[in-house]
Amino acid sequence: MYSAGLNNYCHFAEESGFLNATAMTCLDVPVEPRPSVVWENMQWQRSNILRVQALAAAKYACEVDSVHKSFIARKNDKPYMEGHHLIPLLNQGRFEYSLDVYANIVCLCPVCHRMLHYGRKQDVEPILERFWIERCKRFEHSGLSLTEGQFMNLALKNRI
Ligand SMILES: [Zn+2]
Ligand SMILES: [Zn+2]
């Protein structure tokens, strides 16, 4: 029952286009972090909705460069893109408010996504710096207070 409702919501979020990139910034508010122990399955589904909406808001274009091509996903007939948390969720303990928020999710083509995780520091750093400039105000609005240096440190730690 509950998951059917979530599915409908996902479809609604995905197809109605009610969230565009401008409207997204209105959603940049501090969010209480969810408990890490209970409702594990629901947590995943919730973050899945955020991810889907973040991709829709970016109009399924890679936020590193919108000309990047991907294939069409069979699930929704949209270009296949991936959501990436700039500040890795494993750092939640350092923040009062949730890291699983729109401001912290970027829409990336699969190559850029892998690059952010596995690429060389000198290639990744300029991209992260740009995301910082584009998003630092949104982080602030989402209750995520950190300096550029702290952001770069945490974002670079995403790399395995
Ligand atoms: Zn990622
Ligand atoms: Zn890309």
Side-chain angles (χ1 to χ4, degrees), residues 6 10 13-14 17 19-22 24-25 27-28 30-31 33-34 36 39-160:
L6 278 175
C10 269
E14 220 167 344
L19 285 173
N20 57 39
T22 316
M24 291 292 280
T25 58
L27 298 171
D28 294 337
V31 176
R34 287 184 289 276
S36 58
W39 300 90
E40 206 173 305
N41 189 42
M42 194 177 96
Q43 249 189 61
W44 179 83
Q45 297 202 45
R46 278 200 190 179
S47 76
N48 193 43
I49 288 174
L50 290 193
R51 187 181 54 77
V52 165
Q53 289 181 333
L55 302 190
K59 298 190 169 65
Y60 302 92
C62 176
E63 292 189 61
V64 170
D65 191 332
S66 58
V67 304
H68 291 172
K69 290 278 177 243
S70 182
F71 57 92
I72 301 298
R74 70 164 184 261
K75 190 177 158 194
N76 57 6
D77 276 333
K78 309 274 191 202
Y80 176 82
M81 291 286 157
E82 296 177 350
H84 171 74
H85 288 92
L86 288 168
I87 306 168
L89 295 182
L90 57 85
N91 296 292
Q92 184 60 66
R94 300 169 183 228
F95 293 89
E96 189 182 350
Y97 294 103
S98 180
L99 287 173
D100 196 18
V101 290
Y102 299 109
N104 194 32
I105 303 172
V106 286
C107 171
L108 299 173
C109 73
V111 173
C112 286
H113 193 192
R114 292 297 180 274
M115 201 256 276
L116 283 195
H117 283 279
Y118 303 110
R120 299 178 304 174
K121 193 178 176 192
Q122 65 261 42
D123 299 323
V124 172
E125 238 169 11
I127 292 169
L128 292 176
E129 271 161 16
R130 215 186 75 204
F131 280 136
W132 168 257
I133 292 164
E134 288 170 9
R135 296 203 174 217
C136 57
K137 280 277 177 288
R138 297 186 59 189
F139 288 139
E140 206 179 303
H141 292 155
S142 304
L144 303 173
S145 70
L146 74 174
T147 64
E148 180 176 2
Q150 289 167 333
F151 169 77
M152 292 301 292
N153 262 334
L154 296 177
L156 277 169
K157 278 192 197 141
N158 244 329
R159 295 166 338 122
I160 297 160

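Note that these values count all heavy atoms, side chains included, but never hydrogens, waters or copies made by symmetry. Indexing begins at 1, ligand by ligand and atom by atom, following the structure's order. Position 1 is the first residue of the sequence; numbering continues from there. Just so you know, these numbers come straight off a predicted model, no measurement behind them.
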- Taking the Zn ion (ligand 1) as the reference point, name the nearest N/O/S atom of His84. ND1
- Message: Please check: side-chain N/O of Arg135 versus main-chain N/O of Ile105, any donor-acceptor pairing under 3.5 Å?
- Response: yes
- What lies under 2.8 Å from the Zn ion (ligand 2), restricted to protein N/O/S atoms, is Cys62 SG, His68 ND1, Cys109 SG, Cys112 SG
- Specify the closest pair of heavy atoms between Tyr97 and Pro33, including all atoms of both residues, with the distance to one decimal. CA-CD, 3.8 Å
- Taking every non-hydrogen atom, the tightest pair across Ala54 and Cys107: O-CB, 4.4 Å
- Message: Quick one, Lys121 and Leu156 - any side-chain contact, counting heavy atoms below 4.5 Å?
- Response: yes
- Taking the inter-plane angle between the rings of Phe151 and Phe139 on a 0 to 90° scale, is it parallel (under 30°), tilted (30 to 60°) or perpendicular (over 60°)? tilted
- Item | Test side-chain contact (heavy atoms from CB on, under 4.5 Å) applied to Leu108 and His113, His68, Arg114, the passing residue | His113
